[in-house]
There are 2 protein chains.
Amino acid sequence: MRRPTLEEVATAAGVSKMTASRALRGARDVSKDNILKVREAAERIGYVGNQLALSLSAQHTNLIGVVVPTMSNVVFPEVLSGISAVLEGTGMQAVFGLSEYDATKEREIIRNMLSWRPAAMIVTGLDQPDDTTRLLRQAGVPIVQVMDLDGEPVDFSVGLSHTAAGEEMAGALIASGRQRFGYVGSGLGRDLRAAKRKAGFEAGLARTGLRFLAEETAPELSSLGLGKRLTQALLEREPEIDCLYYSNDDMAAGGAFACMELGIAVPSRILIAGFNGLDIAQALPFSIATSYSPRRQMGETAARLALQAMTDDRKTLERVVAFTPRISLAGE
Amino acid sequence: MRRPTLEEVATAAGVSKMTASRALRGARDVSKDNILKVREAAERIGYVGNQLALSLSAQHTNLIGVVVPTMSNVVFPEVLSGISAVLEGTGMQAVFGLSEYDATKEREIIRNMLSWRPAAMIVTGLDQPDDTTRLLRQAGVPIVQVMDLDGEPVDFSVGLSHTAAGEEMAGALIASGRQRFGYVGSGLGRDLRAAKRKAGFEAGLARTGLRFLAEETAPELSSLGLGKRLTQALLEREPEIDCLYYSNDDMAAGGAFACMELGIAVPSRILIAGFNGLDIAQALPFSIATSYSPRRQMGETAARLALQAMTDDRKTLERVVAFTPRISLAGE
DNA sequence: TCCGGTATCGATACCGGTATCGGTAACGTA
DNA sequence: TACGTTACCGATACCGGTATCGATACCGGA
């Protein structure tokens with residue numbers, strides 16, 4: 001049971017394939033009579049056009065390839081959401097792929113996507129290995145690298161500097177009087193942006209001669225549960241801490257829960273600082289510090305940039321779109 | 001600057017297109033010498049195969065279309081994650097689409113995807129309008145409907161009964177001694193599964209002659225912040241409530257935060273019940289009730305089923321894969 | 001020397017659309 | 001009547017791969 005082809009629609013309508021094609025596309029040079037006949041025939045036999053043939057013939061697709069590392073951190077679904085919203089109604093279609101923070105897997109996904117001849121690609125981060133970068137460069141379509149700024153983009157980058165974000169958070173926390181810092185992290189080594197924030201934070205501490213008095217990290221990806229466990233472990237080892245920096249808000253919220261269970265006042269006794277500005281950081285009944293990252297907006301901007309680069313002259317577009325995360329210490 | 005074609009690789013290697021094709025695919029009937037020459041040429045000029053031509057020729061693709069309503073509820077990213085994991089290494093590629101809980105948008109996405117001739121489709125829920133169902137049925141490929149069971153699947157359904165889940169939660173809460181119930185919901189009218197849970201819960205209450213004493217709902221999608229606001233509003237109107245049922249765990253956790261701020265003991269004074277069994281329901285420093293839904297597992301099962309139905313005889317496969325959510329009142 | 005088998009290669013057709021271009025019919029006008 | 005214009009239609013080529021099948025070269029054995 002094969003799907004009906006345009007040829008079959010044409011036969012059913014008693015016209016040629018070419019006339020049927022024109023009729024369905026609303027092209028000119030078709031009589032009203034035939035338009036009706038073809039539409040009716042197509043409807044009747046349930047014809048659905050074949051993008052494979054169309055795209056092969058037209059030498060381009062309406063596909064935009066999007067690669068993100070994971071879905072288990074809400075920021076990426078939000079980026080996808082922003083991309084999807086901008087593409088809505090443009091006739092473009094996003095194709096998603098998950099790299100699981102694995103460079104090899106990422107390259108295979110990108111190669112796979114490129115074999116579909118997408119009109120543009122949006123990938124996460126700037127830290128791809130050289131062979132992946134070459135692949136992207138040779139694709140001959142606009143490449144937008146999203147989420148990060150610390151590095152050199154293939155074509156365009158849309159994001160924020162995680163190094164700077166970490167450093168500024170450190171500065172703000174020191175300015176607020178904190179002195180004994182600890183770090184709780186997850187998935188370092190894989191999550192390069194979290195690692196950049198940590199490095200930036202440490203640089204910020206170093207400016208006033210400070211450093212982390214304790215660290216607790218795990219290779220797993222971030223989660224509330226992990227943040228809670230690692231925080232408990234860290235506070236047991238080093239109870240004198242007065243400020244904890246986390247790899248992100250999920251971990252930080254978990255840490256906040258740990259403090260609640262231990263009866264530790266937040267933020268008076270221990271200040272908890274994360275990254276992202278998730279919903280949870282605001283809804284919590286007490287304040288935790290965070291940097292608001294405009295995830296959805298970055299997705300939207302990346303998609304818009306990709307669309308522009310497809311049509312406009314690429315040279316006239318800004319190569320780098322920088323966002324600055326707003327730091328909040330007070331939970332608002 | 002067009003991408004190089006197989007023809008160009010062949011010319012560069014000094015062989016015919018056909019030999020080049022065979023060499024790159026590792027097919028037989030090519031000399032070792034030519035294999036090397038073609039591989040080298042392809043590598044040198046950065047050849048990437050063209051899936052459009054391949055799939056058009058082969059009359060099938062390696063695409064699996066996946067449609068979910070939103071990314072702003074973590075359960076869907078998790079389903080996607082499960083699908084993606086199962087497809088990993090099978091050569092199949094997932095293509096995602098977001099319907100935003102809009103039936104018209106959903107139909108357009110499905111039509112769009114079908115025009116790419118996917119090898120299977122995975123869509124959310126069983127409540128598509130008739131024209132969408134017809135579209136799916138006529139596609140001639142395996143259709144897996146995921147997340148829900150209350151309805152008749154086109155081919156296969158993988159999920160749980162939300163009606164039953166609501167009803168059972170009501171029973172469990174009544175059995176635990178609660179009597180004055182309230183409901184806090186979001187996105188009803190759009191989120192049909194949340195509506196089913198509510199209806200089931202009400203049926204469960206009705207069995208012992210009970211009903212919701214107060215409801216607070218909003219058309220927006222669920223979020224922690226919304227759950228918090230609606231809970232505050234509801235408790236102001238109806239402070240005598242001793243149990244609140246929520247459309248899901250996001251909302252419930254928001255409600256829990258609202259109670260904390262109001263100094264209301266949870267669960268002793270008010271029991272809070274959600275749905276999904278999210279991470280947050282466990283990490284919270286006090287217990288909230290929830291039904292654990294195996295989101296990732298449903299995604300995995302749906303993907304596996306799609307793969308099987310593509311190869312095996314469809315008739316031998318179970319049409320319905322049912323999961324039963326485990327209810328937890330105690331936060332574990 | 002001749003023959004069958006094996007290894008290797010390439011010409012051709014085809015997948016299902018659309019661009020292109022030439023053809024036909026109808027009509028108005030000189 | 002002859003001709004140009006307009007409206008409409010369809011045959012053909014092409015996009016970039018692979019399946020198929022026939023061709024060629026080489027080898028060993030009779």
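Letters A, B, ... mirror the listed sequences (proteins, then strands); counts begin at 1. As the structure is a prediction and not an experimental result, all values here were calculated from the model. What's counted below: heavy atoms across the whole structure, side chains too, no hydrogens, waters or symmetry copies.
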Residues 85-97 of chain A, side-chain donor-acceptor partners within the protein, below 3.5 Å, at least two apart:
{"unit_1": "T90(A)", "atom_1": "OG1", "unit_2": "L87(A)", "atom_2": "O", "d": "2.5"}
{"unit_1": "T90(A)", "atom_1": "OG1", "unit_2": "M92(A)", "atom_2": "N", "d": "3.1"}

Distance-only criterion, 3.5 Å: show the donor-acceptor pairs between side-chain atoms of residues 299-308 of chain A and protein atoms not counting sequence neighbours.
{"unit_1": "E300(A)", "atom_1": "OE2", "unit_2": "R296(A)", "atom_2": "NE", "d": "3.2"}
{"unit_1": "T301(A)", "atom_1": "OG1", "unit_2": "Q297(A)", "atom_2": "O", "d": "2.7"}

From CA spacing to verdict: side-chain contact (heavy atoms from CB on, under 4.5 Å), I143(B), F156(B): CA-CA 6 Å; I143(B) 309 293; F156(B) 305 101; over 6 Å; no
Looking only at heavy atoms, what is the nearest atom pair of P118(A) and T61(A), with distance?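 Result for this residue pair: CA-OG1, 3.5 Å.
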Residue whose nearest DNA chain C nucleotide is more 5′ - P4(A) or G14(B):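 The residue mapped nearer the 5' terminus is G14(B).
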Using the closest heavy atom to pick a nucleotide of DNA chain C for each, name whichever of M18(B) or N50(A) lands nearer the 5' end.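 Closer to the 5' end of DNA chain C: M18(B).
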Between E106(B) and R111(B), does at least one N-O distance fall below 4.0 Å, as a salt bridge requires?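 Salt bridge between E106(B) and R111(B), a charged N being under 4.0 Å from a carboxylate O: no.
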Check E40(B) with R44(B), please: is the shortest side-chain N to carboxylate O separation under 4.0 Å?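 Here R44(B) pairs with E40(B) in a salt bridge, since their nearest N and O are under 4.0 Å apart.
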5' to 3' contact window, DNA chain C with chain B (heavy-atom distance under 4.0 Å):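 Here the contact window of chain B covers dT8(C) to dG16(C).
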Qualifying ring pair (Phe, Tyr, Trp, His ring centres under 6.0 Å) pairs with a residue from residues 31-78 of chain A, counting only residues at least two apart or across chains: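 Sorted result for residues 31-78 of chain A: empty, none.
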Which residues in residues 27-49 of chain B have at least one heavy atom lying under 4.0 Å from any atom of DNA chain D?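 Residues of residues 27-49 of chain B that come under 4.0 Å of DNA chain D are, in numerical order, Y47(B).
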For residues 18-29 of chain B, please give each side-chain donor-acceptor pair under 3.5 Å, one per line with the distance, not counting sequence neighbours.
{"unit_1": "T19(B)", "atom_1": "OG1", "unit_2": "S16(B)", "atom_2": "OG", "d": "3.3"}
{"unit_1": "S21(B)", "atom_1": "OG", "unit_2": "R25(B)", "atom_2": "NE", "d": "3.2"}
{"unit_1": "S21(B)", "atom_1": "OG", "unit_2": "R25(B)", "atom_2": "NH2", "d": "3.0"}
{"unit_1": "R25(B)", "atom_1": "NE", "unit_2": "S21(B)", "atom_2": "O", "d": "3.3"}

Over all strands shown, is S57(A) touching base, sugar-phosphate only, or nothing at heavy-atom distances under 4.0 angstrom?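 Base contact.
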